[in-house]
Amino acid sequence: MTNKITGIHHITAIAGNAKRNLDFYTRVLGLRMVKRTVNFDDPGTYHFYYGNANGTPGTILTFFPWEGVVSGRTGTGMATEIGYSVSKSSLPFWVDRFRELHVPQSETAERMGEILLPFRDPDGLKISLIGSNDIDDRQPWTTPQVPAADATKGFHSVTLTLREIGPTAEILTDVLGYRQERREGNRYRFRTDAVATAAIVDMVEEPKEGRGLDGGGTNHHVAFRVANEEMQMAFREKILSRGLHITPKINRDYFYSVYFREPGGVLFELATDNPGFTVDEPLDQLGTQLKLPGQYESMRKEIEKSLPAIS
């Protein structure tokens, strides 16, 4: 592992009904439930982690499913689209599957030289399956309905929408080590060469677009991947030197986190690889039990009763 940011670690979004969210991501998209826990600040709310077979950083999409949450509004100052890497040959499979299961989808299109299939989850979160031009050898999670040849591999990219990209681009290039790769209209692509997958951040410049509003169907934050806490603290110092506020290190049980808002308003996180999702469950049992942060273990019975039904 290098001393660089190694792409996207995870993306966290907001959902409404927990069971609907669980069913969509595990049954329709065929992702693995990697961890079932609760929100650190709101233990009456689930925190779901979905990913690939090994729960690898760069594949992890997490949700806070708040029952009855008001729908958000996508706009500037937030991540507005998640891109999943799939094989190009799988796109017809997904078109048919989405049609059969009544998933809202758009026509396939070409962008940045790649074919993509845009769709929305039950809360309206915007996602695209992208037939990547890059070699992607990550091990997918498979189900009887979603075979390995068609399964998602993990993140291809994340899109940020901003009124102006300049200040955010400086953070990506001068601090996080990305470089601008290409431009297509008002979309600018940045990539890190430290990792082969989950390496792309697209920025869309929309000077007249309204500010986004957090709520159901929106992304809460984007986490970038660092190898360990020593690297994380080095990057924290770099961010502080830019005059940005950044949190102290926070233990999230499965990784350590620091958070800051980049100049365009998007909430960024730096998350470590260690200790990983097998710290409290063996690999073959990931996501099968409700795991609670240590401070809530004594309240397990009350928390279990307060959580919404998902089975």
Side-chain angles (χ1 to χ4, degrees), residues 5-15 21 25 29 31 47-51 57-66 69 71-85 111-112 116 118-121 123-130 152 154-173 175-176 178 180-181 186-192 197-207 209-225 239 244 246 257-271:
I5 297 289
T6 45
I8 301 166
H9 183 283
H10 67 270
I11 299 171
T12 294
I14 301 170
N21 180 266
Y25 283 94
L29 279 191
L31 304 183
H47 192 178
F48 293 154
Y49 291 74
Y50 305 108
T59 75
I60 301 297
L61 177 59
T62 97
F63 282 92
F64 302 133
W66 279 303
V69 70
S71 294
R73 182 182 68 244
T74 57
T76 59
M78 64 167 46
T80 52
E81 181 186 340
I82 297 167
Y84 270 103
S85 171
R111 187 172 73 199
M112 297 285 189
L116 69 150
F119 68 98
R120 292 184 183 266
D121 83 352
D123 288 286
L125 187 68
K126 187 177 181 182
I127 308 173
S128 288
L129 300 180
I130 302 174
T152 63
F155 295 132
H156 170 279
S157 55
V158 65
T159 297
L160 315 179
T161 299
L162 303 153
R163 287 191 173 175
E164 59 172 326
I165 72 158
T168 305
E170 286 186 11
I171 296 298
L172 278 181
T173 57
V175 178
L176 302 185
Y178 282 69
Q180 186 177 337
E181 183 176 71
N186 67 337
R187 178 178 291 267
Y188 300 76
R189 173 154 293 181
F190 292 78
R191 182 190 292 263
T192 175
T197 57
I200 294 170
V201 176
D202 281 356
M203 290 195 286
V204 173
E205 192 168 60
E206 293 283 4
E209 181 76 20
R211 186 128 182 119
L213 180 67
D214 285 344
T218 64
N219 292 299
H220 187 267
H221 65 267
V222 178
F224 293 90
R225 182 181 181 186
I239 292 160
L244 297 173
I246 185 167
S257 301
V258 294
Y259 301 86
F260 69 101
R261 284 202 185 273
E262 55 78 30
V266 184
L267 183 59
F268 281 177
E269 174 185 352
L270 304 181

### Message
Could you check whether any side-chain heavy atom of Met203 comes within less than 4.5 Å of a side-chain heavy atom of Val266, counting everything from C-beta outward?
### Response
no
### Query
Does some side-chain heavy atom of His156 sit less than 4.5 Å from a side-chain heavy atom of Tyr84?
no
### Task
Under the side chain to side chain donor-acceptor pair (under 3.5 Å) rule, collect the residues that match up with Thr62, sequence neighbours excluded.
Thr12, His47
### Euclidean distance, Ile165 CD1 relative to Gln180 CD, rounded to 0.5 Å
6.0 Å
### Message
Under the rule for side chain to side chain donor-acceptor pair (under 3.5 Å), what residues qualify as partners of Thr161, not counting sequence neighbours?
### Response
Thr80
### Message
Let me confirm one number: the CZ-NE2 distance from Arg261 to His221, rounded to the nearest 0.5 Å.
### Response
10.5 Å
### Message
For the CG atom of Asn186 and the CD atom of Glu205, what is their distance to the nearest 0.5 Å?
### Response
7.5 Å
### Task
Compare all side-chain heavy atoms of Tyr188 with those of Leu172 and state whether any distance is below 4.5 angstrom.
no
### Task
Take Thr168 and Phe190 through the side chain to side chain contact (heavy atoms under 4.5 Å, CB included) test and state the conclusion after the steps.
CA-CA 11 Å; Thr168 305; Phe190 292 78; over 6 Å; no
### Task
Using the six-membered ring wherever Trp is involved, compare the ring planes of His220 and Phe64 and label them parallel, tilted or perpendicular (cut-offs 30° and 60°).
perpendicular
### Task
Please report the closest heavy-atom contact between Val69 and Ala15, naming both atoms and the distance.
CG1-O, 3.4 Å
#### Entry: Heavy-atom pair with the smallest gap, counting every atom of Gly264 and Arg211
O-NH1, 3.5 Å
### Query
Between Phe48 and Leu31, is any pair of side-chain heavy atoms under 4.5 Å apart?
no
### Query
Do Ile171 and Leu244 have side-chain heavy atoms sitting under 4.5 Å apart?
yes
### Query
Of all heavy-atom pairs between Ile200 and Arg189, which one has the smallest distance, and what is that distance?
CG2-NE, 3.5 Å
### Query
Under the side-chain contact (heavy atoms from CB on, under 4.5 Å) test, which residues partner Ala13, sequence neighbours left out?
Phe63, Leu125, Asn219
### Query
What residues, two or more places apart in sequence or in another chain, satisfy salt bridge (Lys or Arg N to Asp or Glu O under 4.0 Å) together with Asp123?
Arg20
### Task
Given side chain to side chain contact (heavy atoms under 4.5 Å, CB included), test Thr218 with Met78 step by step and report yes or no.
CA-CA 8 Å; Thr218 64; Met78 64 167 46; 4.3 Å; yes
### Those residues that, when tested against Phe268, pass ring-ring contact (aromatic ring centres under 6.0 Å, His included) (two or more places apart)
Phe224, Phe260
### Message
Applying salt bridge (Lys or Arg N to Asp or Glu O under 4.0 Å), can you list everything that pairs with Glu209, at least two apart in sequence or on another chain?
### Response
none
### Task
Look at the side chain of Glu170 and the backbone N and O of Thr173, then say whether any donor-acceptor pair between them is shorter than 3.5 Å.
no
### Task
Compute whether any side-chain donor of one residue and acceptor of the other, for Ser257 and Glu269, lie under 3.5 angstrom apart.
yes
### Message
For Arg163, give me all partners under salt bridge (Lys or Arg N to Asp or Glu O under 4.0 Å), at least two apart in sequence or on another chain.
### Response
none
### Query
Is there side-chain contact between Leu270 and Ile239, with heavy atoms separated by less than 4.5 Å?
yes
### Task
Hey, could you give me the CD1/OH distance between Ile60 and Tyr50, rounded to the nearest 0.5 Å?
11.5 Å
### Message
Ignoring hydrogens, what is the shortest heavy-atom contact between Gly215 and Ile14? Give both atom names and the distance.
### Response
O-CB, 3.4 Å
### Message
Going by side-chain contact (heavy atoms from CB on, under 4.5 Å), name the residues that satisfy it together with Arg73, two or more places apart in sequence or in a different chain.
### Response
Leu213
### Message
Just to verify, what does His9 make a ring-ring contact (aromatic ring centres under 6.0 Å, His included) with, not counting sequence neighbours?
### Response
Phe255
#### Entry: Validation row: Leu129, Thr152 side chains within 4.5 angstrom (heavy atoms)
yes
### Task
Quick one: closest heavy-atom pair of Ile8 and Phe155, and the distance?
CG2-CD1, 3.8 Å
### Query
What residues form a side-chain contact (heavy atoms from CB on, under 4.5 Å) with Arg111, not counting sequence neighbours?
Glu81, Leu116, Ile130, Glu184, Arg187
### Message
My understanding is that only residues two or more places apart in sequence, or in another chain, count here; which of them pass side chain to side chain donor-acceptor pair (under 3.5 Å) with Asp214?
### Response
none
### Query
How many angstroms lie between CG in Asn21 and CG in Asp121, if you round to the nearest 0.5 Å?
7.0 Å
#### Entry: Side-chain (Glu164) to main-chain (Gly166) donor-acceptor, under 3.5 angstrom
no
### Message
Test of understanding: with side chain to side chain donor-acceptor pair (under 3.5 Å), list the residues that count as partners of Glu181, not counting sequence neighbours.
### Response
Arg191
### Message
For a quick test of reading the model, state the closest non-hydrogen atom pair linking Gly7 to Tyr178 and the distance between them.
### Response
CA-OH, 3.5 Å
